[in-house]
Amino acid sequence: MSDAFTPIAGRLIRWYARHGRKNLPWQRDPTPYRVWVSEIMLQQTQVSVVIGYYERFMTRFPDLAALADAPLDDVLGLWTGLGYYSRARNLHRAAAVVRDRHGGAMPRGLDALVALPGIGRSTAGAILALSHGDRHPILDGNVKRVLCRYHGVGGWPGEGRVERTLWTLAERHTPREQVAVYTQAIMDLGATLCVRLRPLCAMCPLEADCAARREGAQAKYPAPRPRRETPHRETAFLMLRDPGGALLLERRPPVGIWGGLWCFPECEPDADVEAVCRSRFGVRPATTTALAPIAHGFTHFKLDVYPILVEVDDDDGSTAAGPGEPRRHSSGAAVAGSDGSRRYSSGAAAAGPGEPRRHSSGAVVADSDGSRRYSSGAAAAGPGELRRSSPGAAATGSDGSRNRPLSAVADSGELRWYPPGAAASVGLAAPVKRLIEQLARDR
DNA sequence: AAAGCGGGGGT
DNA sequence: ACCCCAGCTTT
C-alpha cells in the first residue's frame, strides 16, 4: 500500500453522478429489505442475471412479512437457477427472525444485522449504507479489486492479513456524507471500469494516483488465490477371481464417482489384503498379485488405482461381510488415518441424505509430516456426490472407526460374481473395464 | 474443461 | 483465525 489516506470519495461520487448505474431495481426505493435481498442475490450472480430473479422475488415477496410467512419451498422455487441455495434458506430463516424478534423491521445496527443468518459484515454494511446512509464500509469483490489496485495491495485478498488491510482502507475512504452514493459508486466502479480483465483505466476517476496504474501492473491486483494442487488420491482394487475365472464385482452407490456402475471392491492401498478378503468376503486368497497401477483422471482429482489380483479357491458362497465384522455403521463417515497414508473410500460412506452437493475440493486434514492432504471422506466425493456438510464430521467417525469402504454395499448385497465374459455386458467403471479386458488377454 | 467468483459458516 | 464451501459464468 502506498497512500495512508486519500480521499477518493469525492471523485467517485462525481464520477458516479455522471456514469453510474442508478436504475437497477433495488436502487429504486432502497429499503433495507429490498437492499438486503439484492445484496444476497448479487453475492453469487452478476447484475444482468439477478435483475430478473430480483423482480420475480419482489413481486412474490414484496415485503419482509411476505417472505417470512412464505413456505421455504416458495422461496427456493424463485431461487432456482441462482445457485447457492443455502443463502435462500438463510434469507428465509433470517426473515422469520426479524419478524419474531425485531418486530418485523430490519434492525438498524451492524451487530444486529450480522447476527442474522446469511448476513456478514459487508452485507450488513451495505444494507445500512445503501438504505439509511449510515456510515459503514463494505468490502465485496468489486471494492477489494479497486482498493488492491489503487493502493497496490499485494497478496491474495482471501488471506487474513490482506483482508484486514483492505477493511482498514475501506473504512478510511468511506465518507461522512453521501455514504449511500459513495457505496454505490465504488461498487459500480469495480463492476464497470475496474474489472478484473482489461480495466478501462482511461475512463477511471482514480487513474491519476492509482498504484497499479503507475506500475502498469493492473493485472497483478488482486493477487490470485494460491493454486491448490489437484487432489491426488489412491485406492486399491481387489480383483477376486475364482478358479472358474469369475470376478467379484460390486455395484457402486447411485451417487458419486461411477455412480451405479460395477466396480472391483476397493480397499486401502496399504491394507492387509488377505485379512480384508477373509473378513469382508469370507474367502481366503490363494495368491495375491499386484498389477500395474492405473492413473485415472477425474475433473476434480486424480486417482491412482492399484489393482490387486486375488486368486481364490475356496469361496464359501458368502460374499457378504461376516457377522462379527466391526467398524460398521450405516451412515458413518470415512475417516483419515493417523499414519499419514492416503486413502480412498467408496462414496457411500460419506453420504448423508438431504445434504448439499459437494464442491470440487475435498476436506483437508493435517498429516503427521505437517503437509496437507485430502481426507478419505472427501476423496469419496466427486461431482454430484452427497457428503456431510461438515468436513470435521466427515473426518471423524462417531465411533472412532477407520474406513469401511464397502460395508454399506455389502449390507445391500450389491456384490456379485461375474463369470468370464458376463462382465462385459454390464455398466463398468472405465478402469474396471480395462482391467477385465487385460485379464482376458493375459489368460 | 477449468478457473473465477465472493461472502458466510464451521472448526 | 483459519479454512472450506456452493454452483453458475466466463475463458
Side-chain angles (χ1 to χ4, degrees), chain A residues 36-50 52-53 76 79-91 93-94 110 113-127 137-148 155-167 170 187 190-191 194-198 219 221-231 297-302 333 336 350 355-366 371-375 377-379 381-396:
Chain A
W36 174 34
V37 173
S38 75
E39 286 298 320
I40 300 299
M41 287 187 172
L42 287 165
Q43 282 173 7
Q44 58 205 58
T45 315
Q46 293 188 336
V47 166
S48 58
V49 177
V50 163
Y53 283 90
L76 292 173
W79 210 269
T80 301
L82 272 179
Y84 293 94
Y85 301 100
S86 69
R87 302 188 190 206
R89 297 174 198 275
N90 284 336
L91 197 60
R93 267 207 301 153
L110 200 71
L113 285 175
V114 168
L116 296 172
I119 298 183
R121 180 177 174 187
S122 184
T123 300
I127 292 170
I138 67 161
L139 194 62
D140 71 1
N142 288 320
V143 175
K144 285 178 182 173
R145 190 167 51 250
V146 170
L147 293 177
C148 280
W156 176 52
E159 190 186 329
R161 194 189 108 266
V162 177
E163 188 167 17
R164 282 188 287 277
T165 299
L166 293 174
W167 271 113
M187 288 192 298
C194 198
V195 292
R196 193 170 64 87
L197 280 86
R198 306 166 179 271
Y221 304 98
R225 177 193 206 101
R227 278 192 68 96
R228 193 198 299 274
E229 72 180 52
T230 305
F298 287 97
T299 305
H300 296 96
F301 62 94
K302 291 184 192 171
E355 286 174 355
R357 291 165 60 98
R358 60 165 289 97
H359 194 42
S360 57
S361 59
V364 177
V365 295
S371 68
R372 286 211 208 110
R373 70 194 165 84
Y374 286 79
S375 76
E385 279 184 307
L386 298 170
R387 71 179 290 269
R388 291 177 172 275
S389 54
S390 153
T396 308

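In this text, all values refer to a predicted model and were calculated from it rather than measured experimentally. Just the heavy atoms: all of them, side chains too, but no hydrogens, waters or symmetry mates, feed the values below. Here is the naming used below: chain letters follow the sequence lines, and residue numbers restart at 1 for every chain.
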Checklist entry - Tell me, what's DNA chain B's dot-bracket, Watson-Crick or G-U with both distances under 3.5 Å, | for other-strand, [ ] crossing? => result |||||.|||||
Applying side-chain contact (heavy atoms from CB on, under 4.5 Å), name anything that partners [X], two or more places apart in sequence or on another chain.
X     : answer
A:A94 : A:W36, A:L116, A:P117
A:Y85 : A:L76, A:W79
A:Q46 : A:S48

Next on the checklist: Mind checking if A:G81 touches a base, just sugar-phosphate, or nothing, with heavy atoms under 4.0 Å?
Outcome noted: sugar-phosphate
Checklist entry - Which is true for A:S86 with a 4.0 Å heavy-atom rule: it touches a base, it touches only sugar-phosphate, or it touches nothing? => result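 Counting heavy atoms under 4.0 Å across all strands, no contact is made by A:S86.
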Take the protein atom [atom1] of [X] and the nucleotide atom [atom2] of [N], then report the distance between them rounded to whole Å.
X      : N     : atom1 : atom2 : result
A:E159 : C:dC4 : CD    : P     : 14 Å
A:M41  : C:dG7 : CE    : P     : 15 Å
A:W156 : B:dG6 : CH2   : C1'   : 10 Å
A:Y84  : C:dC8 : OH    : P     : 9 Å
A:I138 : B:dG6 : CD1   : P     : 12 Å
A:W79  : C:dG7 : CH2   : C1'   : 13 Å
A:R89  : C:dC5 : CZ    : C1'   : 15 Å
A:I119 : B:dG9 : CD1   : C1'   : 14 Å

Checklist entry - On DNA chain C, nearest-nucleotide positions of A:R161 versus A:Q46: which is more 5'? => result A:R161
Next on the checklist: Among residues at least two apart in sequence or on other chains, which ones pass salt bridge (Lys or Arg N to Asp or Glu O under 4.0 Å) with A:R161?
Outcome noted: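 So A:R161 forms a salt bridge (Lys or Arg N to Asp or Glu O under 4.0 Å) with A:E159.
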Item to check | Most 5' of A:R87 and A:P117 on DNA chain B, judged by nearest nucleotide | outcome: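 Its nearest nucleotide being more 5', the pick is A:R87.
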Checklist outcome for this item: Those residues at least two apart in sequence (or on a different chain) that pass side chain to side chain donor-acceptor pair (under 3.5 Å) with A:T123 are A:Q43
Item to check | Listed nucleotide nearest any side-chain atom of A:R145, set B:dG6, B:dG9, C:dT9 | outcome: B:dG6
Checklist entry - Between C:dC2, C:dT9, C:dG7, which nucleotide has the shortest distance from any of its atoms to the side chain of A:R164? => result C:dC2
Checklist entry - According to a strict under-4.0 Å criterion, is A:Y85 in side-chain N/O contact with OP1 or OP2 of C:dC8? => result yes
